[in-house]
Amino acid sequence: MNSPAITFSEDQAEAWDAVASALEAAGIDIVEGSLSPDGGGNRVLSVIGKAGSGKTMLLAALYKALEDAGVELVSGDFEGKRRRDRRTLAILAPTNKAASVLRGRGVPATTIHRILYTPVYDPEYERIAEWLAGQGERPKVDMLGINGLTEEALDRAKAFYDQYKSIPAALASAGLRGSDFINGWKRREDPLDIGFVDEASMLDERQFDDLREIFPTLVLFGDPAQLAPVNQSGQMCFERLPDSQKHVLHRIHRQTQDNPILDLAHALADESLSFEGFERMIEKAAANDPRVVWAERVESDLMARSPVLVWRNATRIRLITAFRAAHSAPADMLLPGEPLICDGIELPLKHRKKRIDLEARGLIKGAQVIYLGPGKKPGFSRLHVIGAEDPRLSAASIVKIELPDEEEPFIPFAARMGATFLHGAAVTIHKAQGSQWPDVQVFAPDIYAAARAGRMEAGIPLWKRLAYVAITRAEHRLLWVTRARLARPSAPLSIDDLPTGAVALKLEREEDG
């Protein structure tokens with residue numbers, strides 16, 4: 001097979017060799033490009049490093065080597081007939097947004113949830129899916145019994161799948177709806193072979209245990225400088241692995257060395273650096289590079305798509321209240337274009353199928369959502385799920401608008417049960433992990449409050465962890481907001497900027513909600 005078309009640093013090469021050795025023990029030789037039966041045993045190892053150390057570059061190279069060796073990628077949207085000789089790989093992220101960041105870099109990632117649960121296809125549509133995936137003959141339209149399906153529609157589906165490798169979206173391009181071809185979701189019964197998990201700092205113990213049940217070979221890619229899940233006492237899953245299973249990337253690569261945002265992130269490793277000293281560094285960077293902005297107010301225009309990152313909930317609620325007031329949003333309804341954060345799904349056990357369906361479509365806790373407008377039924381909302389491959393859906397919704405100095409949130413409208421949402425114009429830095437935006441606003445007074453509190457997390461001042469996570473969410477521009485002021489919006493809220501994917505996918509039928 002071909003060797004990776006990149007030049008590895010010494011620490012990347014060491015990590016590559018360690019992963020290659022684990023894969024070889026599992027029966028997959030990425031050097032020779034050959035497959036053999038599973039070698040047995042369980043293997044967990046980690047590749048860890050700070051932003052810019054080349055984790056994603058290494059992950060992408062390993063994926064390409066596995067693909068060249070004949071390993072089958074499992075995406076979570078369809079699995080056809082199992083072959084005895086097949087070897088499988090799934091590339092996972094904890095959130096839709098984190099998975100979409102990887103997909104934007106050419107790595108076909110899906111969410112952990114989409115691997116834990118698999119779709120159950122209607123048998124007629126499953127024949128189409130098998131053909132699209134190269135596992136069967138092209139079905140004859142007149143033998144399927146699907147109303148409105150034509151040979152031209154099948155041609156569109158095939159052309160779409162060949163380009164985007166998504167069965168549900170390909171079927172949607174043929175005019176079909178998920179509520180037609182997916183009957184439900186079931187917990188995965190059969191294990192897979194290899195799992196690559198990006199943003200592994202976000203994994204909690206339950207997710208980690210679930211993944212170890214599914215994948216005999218599990219590789220975690222994570223950043224030790226980020227914030228651990230709130231219920232894990234400041235420690236991440238990969239930090240508990242033996243040293244022999246941890247492979248650290250130290251070097252910051254050339255393409256990141258002229259990035260002032262990453263320069264600031266790595267400066268936080270200096271134990272002697274104070275908050276005041278860090279702010280002087282930001283001010284100096286802002287004077288020399290437009291990618292860093294010393295901002296004296298929050299830009300309300302950015303908040304609709306890129307939330308302000310804060311530490312304290314009280315700050316979050318005040319900023320949301322100011323954002324809604326600036327857009328003259330009425331208290332008893334949402335405006336199309338308002339951002340929301342999914343806070344979970346409230347459904348009784350008898351509606352477990354619907355819960356799994358909504359979660360598989362992207363409505364998992366922490367998902368970023370844009371409100372498109374009311375649905376046809378009371379309490380239903382039309383929604384755009386940021387980062388989801390099939391982003392538009394309609395769902396029973398419970399929207400909670402939190403207010404300053406009020407213990408209970410105001411609920412402008414709600415179904416009796418369904419997906420619950422908080423407003424998303426500002427979010428805590430913890431919830432922002434795994435996400436990235438072109439422009440990121442960090443509310444500096446909250447970072448200062450954390451510094452004044454003197455709190456530590458895993459031996460590191462909490463303010464430094466907060467600052468590191470917050471500023472590394474910025475892809476292109478960092479706005480360090482120094483004052484509690486809000487700029488007036490330059491235009492009303494809109495949904496015209498929202499992509500609908502490669503094809504305009506129809507909304508799910510609301511009566512299925």
Given side chain to side chain contact (heavy atoms under 4.5 Å, CB included), test Leu340 with Leu334 step by step and report yes or no.
CA-CA 10 Å; Leu340 303 173; Leu334 292 176; 4.1 Å; yes

Nearest heavy atoms of Asp223 and Ala225, plus distance in Å:
OD1-N, 2.9 Å

Can you tell me how far the OG atom of Ser46 sits from the CG atom of Leu220, to the nearest 0.5 Å?
6.0 Å

For the residue pair His247 / Glu14, report whether a side-chain donor-acceptor contact shorter than 3.5 Å exists.
yes

Between Ile115 and His113, is a side chain to side chain contact (heavy atoms under 4.5 Å, CB included) present by the stated rule, with each step listed?
CA-CA 5 Å; Ile115 291 298; His113 190 278; over 6 Å; no

Within the 3.5 Å criterion, strictly below it, is a donor on Glu283 or Trp480 matched to an acceptor on the partner's side chain?
no

As a test of understanding, state which of Leu66, Leu218, Thr88 forms a side-chain contact (heavy atoms from CB on, under 4.5 Å) with Ile194.
Leu66

Could you tell me whether a side-chain N or O of Arg103 sits under 3.5 Å from a main-chain N or O of Ala109, the two making a donor and an acceptor?
yes

Let me confirm one number: the CD1-NZ distance from Ile341 to Lys400, rounded to the nearest 0.5 Å.
14.5 Å

Do other residues, nucleotides or ligands put more than 12 heavy atoms under 6.0 Å from the CG atom of Asp405?
no

Least distance between heavy atoms, Met236 atom then Pro224 atom:
CE-O, 3.7 Å

From CG (Leu268) to CD1 (Ile471), nearest 0.5 Å:
5.5 Å

Nearest atoms (heavy-atom pairs only) where Lys55 meets Gly222
CD-O, 3.3 Å

Exam field: side chain Ser201 to backbone Gln226, donor-acceptor pair closer than 3.5 Å:
no

Between Glu296 and Arg483 the two heavy atoms that sit nearest each other are O-CB, 3.3 Å

Quick one, Leu498 with Arg392, criterion side chain to side chain contact (heavy atoms under 4.5 Å, CB included). Give me CA distance, side-chain angles, the key distance, then yes/no.
CA-CA 10 Å; Leu498 295 174; Arg392 301 216 170 179; 3.6 Å; yes

Kindly assign one of parallel, tilted or perpendicular to the pair Phe278 and Trp463, based on the angle between their ring planes and the thresholds 30° and 60°.
tilted

Determine whether Arg473 and Leu309 make a side-chain contact, defined as any pair of heavy atoms from C-beta on separated by less than 4.5 Å.
yes

Atom CG of residue position Asn288 - does it have more than 12 heavy atoms of other residues, nucleotides or ligands inside 6.0 Å?
yes

Show your reasoning for whether salt bridge (Lys or Arg N to Asp or Glu O under 4.0 Å) applies to Glu359 and Lys365.
CA-CA 9 Å; Glu359 290 175 341; Lys365 191 175 179 71; over 6 Å; no

Does Tyr448 have more than 12 heavy atoms from other residues, nucleotides or ligands lying within 6.0 Å of its OH?
no

Which value, rounded to the nearest 0.5 Å, describes the distance between Thr420 atom OG1 and Ile345 atom CD1?
8.0 Å

Do the side chains of Val219 and Val197 get nearer than 4.5 Å, heavy atoms only?
no

Under 3.5 Å donor-acceptor, Glu199 side chain and Ala93 backbone:
no

Is a side-chain donor or acceptor of Lys97 paired with a backbone partner of Gly366 at a separation under 3.5 angstrom?
no

Would you mind reporting whether Leu319 and Val310 have side-chain heavy atoms less than 4.5 Å apart?
yes

Do Asn96 and Ile386 have side chains that get closer than 4.5 Å, going by heavy atoms?
no

Could you tell me if the side chain of Asn259 sits less than 4.5 Å from the side chain of Asp263, heavy atoms only?
no

Which heavy atom of Ala304 sits nearest a heavy atom of Leu493, and at what distance?
CB-CD2, 3.7 Å

Under 3.5 Å donor-acceptor, His423 side chain and Ala425 backbone
yes

From Asp343 atom CG to Ile398 atom CD1, the distance as rounded to the nearest 0.5 Å:
10.5 Å

Under a 4.0 Å threshold between the charged nitrogen and the carboxylate oxygen, would Arg291 count as salt-bridged to Asp289?
yes

Note: Lys246-Glu239 ion pair, threshold 4.0 Å (strictly below)
no

Check this for me: does any side-chain nitrogen of one of Arg324 and Glu338 sit under 4.0 Å from a carboxylate oxygen of the other?
yes

CG-CD1 distance between Asp332 and Ile401, expressed to the nearest 0.5 angstrom:
11.0 Å

Donor-acceptor pair, side chain of Arg488 and main chain of Ala326, under 3.5 angstrom:
no

Side chains of Val292 and Ile261: closer than 4.5 Å at any heavy-atom pair?
yes

Check whether any side-chain heavy atom of Val293 sits under 4.5 Å from a side-chain heavy atom of Leu478, and report yes or no.
no

With a 3.5 Å cut-off and no angle check, do the side chains of Ser490 and Asp301 form a donor-acceptor pair?
yes

For Ser397 and Tyr371, what are the C-alpha separation, side-chain angles and deciding distance, and is it a side chain to side chain contact (heavy atoms under 4.5 Å, CB included)?
CA-CA 11 Å; Ser397 307; Tyr371 177 74; over 6 Å; no

For Glu67, all residues meeting side-chain contact (heavy atoms from CB on, under 4.5 Å), sequence neighbours excluded:
Tyr63, Lys64

Between Tyr468 and His266, how do the two ring planes meet: parallel, tilted or perpendicular, split at 30° and 60°?
perpendicular

So Thr482 and Trp294, do their side chains get closer than 4.5 Å, heavy atoms only?
yes

Counting only pairs under 3.5 Å, give me each side-chain donor-acceptor contact of residues 432-447, with atom names and distances, residues two or more places apart or in other chains.
{"from": "Gln433", "atom 1": "OE1", "to": "Leu227", "atom 2": "N", "distance (Å)": "2.5"}
{"from": "Gln433", "atom 1": "NE2", "to": "Leu227", "atom 2": "O", "distance (Å)": "2.8"}
{"from": "Ser435", "atom 1": "OG", "to": "Gln368", "atom 2": "OE1", "distance (Å)": "3.3"}
{"from": "Gln436", "atom 1": "OE1", "to": "Arg105", "atom 2": "NH2", "distance (Å)": "3.1"}
{"from": "Gln436", "atom 1": "NE2", "to": "Thr472", "atom 2": "O", "distance (Å)": "3.3"}
{"from": "Trp437", "atom 1": "NE1", "to": "Arg305", "atom 2": "O", "distance (Å)": "3.4"}
{"from": "Asp439", "atom 1": "OD1", "to": "Arg477", "atom 2": "NE", "distance (Å)": "2.9"}
{"from": "Gln441", "atom 1": "OE1", "to": "Glu299", "atom 2": "N", "distance (Å)": "2.7"}
{"from": "Gln441", "atom 1": "NE2", "to": "Glu299", "atom 2": "O", "distance (Å)": "3.1"}
{"from": "Asp446", "atom 1": "OD1", "to": "Arg312", "atom 2": "NE", "distance (Å)": "2.8"}
{"from": "Asp446", "atom 1": "OD1", "to": "Arg312", "atom 2": "NH2", "distance (Å)": "2.8"}
{"from": "Asp446", "atom 1": "OD1", "to": "Thr315", "atom 2": "OG1", "distance (Å)": "2.8"}
{"from": "Asp446", "atom 1": "OD2", "to": "Trp311", "atom 2": "N", "distance (Å)": "2.9"}
{"from": "Asp446", "atom 1": "OD2", "to": "Arg312", "atom 2": "N", "distance (Å)": "2.7"}
{"from": "Asp446", "atom 1": "OD2", "to": "Thr315", "atom 2": "OG1", "distance (Å)": "3.2"}

Nearest heavy atoms of Pro108 and Ile91, plus distance in Å
O-CB, 4.1 Å

Donor-acceptor pair, Gln207 side chain versus Asp204 backbone, under 3.5 Å?
yes

Ignoring hydrogens and angles, tell me if any N or O in the side chain of His384 forms a donor-acceptor pair with the backbone of Gly337 under 3.5 Å.
no

Test item: Ser306 side-chain N/O and Met303 main-chain N/O as donor-acceptor pair under 3.5 Å:
no

Before accepting this row, confirm whether a basic side-chain N of the pair Arg212/Asp209 lies closer than 4.0 Å to the acidic partner's carboxylate O.
yes

